[in-house]
A.B. asks: 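Pasting a structure below so you can have a look.
Below, chain A is the first sequence line, B the second, and so on; all start at residue 1.
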Amino acid sequence: SQQGEEDPQALSIQEGENATMNCSYKTSINNLQWYRQNSGRGLVHLILIRSNEREKHSGRLRVTLDTSKKSSSLLITASRAADTASYFCATDPISNDYKLSFGAGTTVTVRA
Amino acid sequence: DAMVIQNPRYQVTQFGKPVTLSCSQTLNHNVMYWYQQKSSQAPKLLFHYYDKDFNNEADTPDNFQSRRPNTSFCFLDIRSPGLGDAAMYLCATRTEGVTEAFFGQGTRLTVV
């Protein structure tokens with residue numbers, strides 16, 4: 001079974017707006033990662049946050065992690081049409097080395 | 001430039017006819033993954049290797065097998081494909097430690 005759930009399932013925003021998506025997971029984790037997938041392609045890593053970190057930034061991306069609530073959020077600021085994609089969180093559980101499991105994903109559409 | 005290469009990109013197979021998908025990597029990573037992704041769903045982990053150590057997910061059907069003859073190559077064998085096995089199959093690699101995964105472009109399998 002998949003590790004996490006994401007919400008919303010789909011998000012449609014105007015170019016320049018911010019996009020926020022959330023991920024919840026079930027077991028204790030070593031780290032949490034976010035990936036992007038353009039239609040019909042492989043996944044591309046965006047950002048990784050360790051279990052002892054609470055917030056991380058990379059360019060227009062901001063990730064938060066709340067291990068007490070077993071949840072994470074990804075914020076994309078000043079969105080662009082090229083950000084149109086599906087976004088997935090993935091977790092490494094503490095109990096199993098390298099078992100990288102994905103959440104359900106959020107499909108983001110950025111309108112020009 | 002491609003670091004994780006999946007062949008072929010598109011595969012059509014007949015119902016019940018064994019099929020093999022391949023993955024190769026130039027990164028010398030010791031962890032390799034196979035995921036199944038159906039339309040609008042999250043990637044579902046089928047199995048992963050840490051070096052030669054094979055980790056099968058409990059809900060991966062017996063119809064799916066894998067081989068990793070060396071660090072660079074990994075194969076997914078579907079012994080008797082059914083219509084429900086039509087999906088995108090994604091290979092990924094990773095080095096040990098708290099690290100990101102690198103994905104291939106995927107093989108889209110059609111069962112006729």
Side-chain angles (χ1 to χ4, degrees), chain A residues 1-10 21 23-25 27 29-53 56 58 61 63 65 85-109, chain B residues 1-7 9-10 21 23 25 27 29-60 68 87-110:
Chain A
S1 62
Q2 295 306 306
Q3 169 71 318
E5 299 297 324
E6 290 186 54
D7 79 273
Q9 287 189 330
M21 58 210 86
C23 165
S24 62
Y25 55 90
T27 61
I29 61 170
N30 185 326
N31 65 82
L32 185 142
Q33 307 182 26
W34 285 90
Y35 289 80
R36 184 186 73 214
Q37 185 179 35
N38 290 93
S39 181
R41 308 298 293 270
L43 283 80
V44 175
H45 179 262
L46 294 175
I47 194 165
L48 180 153
I49 186 165
R50 297 170 184 254
S51 59
N52 62 353
E53 296 176 313
K56 202 162 182 182
S58 176
L61 305 178
V63 171
L65 179 64
S86 292
Y87 293 83
F88 296 93
C89 69
T91 53
D92 260 334
I94 287 177
S95 60
N96 191 316
D97 286 341
Y98 304 110
K99 178 180 172 175
L100 190 65
S101 298
F102 283 82
T106 295
T107 299
V108 175
T109 303
Chain B
D1 283 328
M3 297 177 288
V4 182
I5 302 164
Q6 291 188 243
N7 283 308
R9 288 291 310 279
Y10 301 92
L21 308 182
C23 177
Q25 56 143 330
L27 298 164
H29 286 171
N30 48 2
V31 184
M32 290 189 81
Y33 302 88
W34 279 107
Y35 291 88
Q36 178 194 64
Q37 187 179 28
K38 296 188 176 179
S39 183
S40 301
Q41 295 185 20
K44 178 181 181 296
L45 182 61
L46 296 174
F47 12 67
H48 73 283
Y49 287 88
Y50 181 90
D51 291 325
K52 287 264 186 185
D53 292 337
F54 177 68
N55 297 272
N56 194 29
E57 291 302 296
D59 57 356
T60 298
R68 189 179 185 187
M88 174 77 89
Y89 290 88
L90 295 163
C91 173
T93 73
R94 194 173 170 195
T95 191
E96 55 190 312
V98 181
T99 59
E100 67 196 80
F102 291 81
F103 280 80
Q105 289 299 303
T107 294
R108 182 165 296 282
L109 179 69
T110 301

A.B. asks: Could you look at B/Y35 and say if it's the side chain, the backbone, both or neither that has a heavy atom under 4.5 Å from chain A?
C.D. replies: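 For B/Y35, side-chain heavy atoms alone lie under 4.5 Å from chain A.
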A.B. asks: Testing the basics here: between B/A42 and A/A104, what is the closest heavy-atom pair and its distance to 0.1 Å?
C.D. replies: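 Heavy atoms of B/A42 and A/A104 come nearest at CB-CA, 3.9 Å.
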A.B. asks: Between chain A and each of B/M88, B/Q41, B/R94, count heavy-atom pairs under 4.5 Å; write down the option with the most.
C.D. replies: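 Most pairs with chain A among the choices: B/R94.
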A.B. asks: With a 4.5 angstrom heavy-atom cut-off, which part of A/Q9 approaches chain B: side chain, backbone, both or neither?
C.D. replies: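 Contact with chain B involves no heavy atom of A/Q9 at all.
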A.B. asks: Ignoring hydrogens, what is the shortest heavy-atom contact between B/T95 and A/Y98? Give both atom names and the distance.
C.D. replies: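 Nearest pair, atom of B/T95 first, then A/Y98: O-CE2, 4.2 Å.
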A.B. asks: Could you tell me whether the side chain of A/Y35 and the main chain of B/A101 form a donor-acceptor pair under 3.5 Å?
C.D. replies: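 Side chain of A/Y35 to backbone of B/A101, a donor-acceptor pair under 3.5 Å: yes, one is there.
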A.B. asks: Considering only heavy atoms from C-beta outward, does the side chain of A/R50 approach that of B/V98 to under 4.5 Å?
C.D. replies: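 In short, these two side chains touch, coming nearer than 4.5 Å.
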A.B. asks: So for A/L48, is it side chain, backbone, both, or neither that comes closer than 4.5 Å to the heavy atoms of chain B?
C.D. replies: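 For A/L48, the side chain is the part near chain B, not the backbone.
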A.B. asks: Roughly how far, to the nearest 0.5 Å, is CZ of B/F103 from NE2 of A/H45?
C.D. replies: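 Reported value, rounded in 0.5 Å steps: 10.0 Å.
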A.B. asks: How long is the span from the CD atom in B/E100 to the CD1 atom in A/I47, to the nearest 0.5 Å?
C.D. replies: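 The CD atom of B/E100 sits 11.0 Å away from the CD1 atom of A/I47.
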A.B. asks: Which one, B/R9, B/E96, B/R108, leads in non-hydrogen pairs under 4.5 Å with chain A?
C.D. replies: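 Most pairs with chain A among the choices: B/E96.
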A.B. asks: Between B/P43 and A/F88, what is the shortest heavy-atom contact and its length?
C.D. replies: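 Taking B/P43 first and A/F88 second, the nearest heavy atoms are CD-CE2, 3.9 Å.
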A.B. asks: Pick from B/N55, B/L45, B/V31: which one makes a side chain to side chain contact (heavy atoms under 4.5 Å, CB included) with A/K99?
C.D. replies: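 Option passing the side chain to side chain contact (heavy atoms under 4.5 Å, CB included) with A/K99: B/L45.
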A.B. asks: Any donor-acceptor pair under 3.5 Å linking the side chain of A/Q33 with the backbone of B/T99?
C.D. replies: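 Here the side-chain-to-backbone pair exists.
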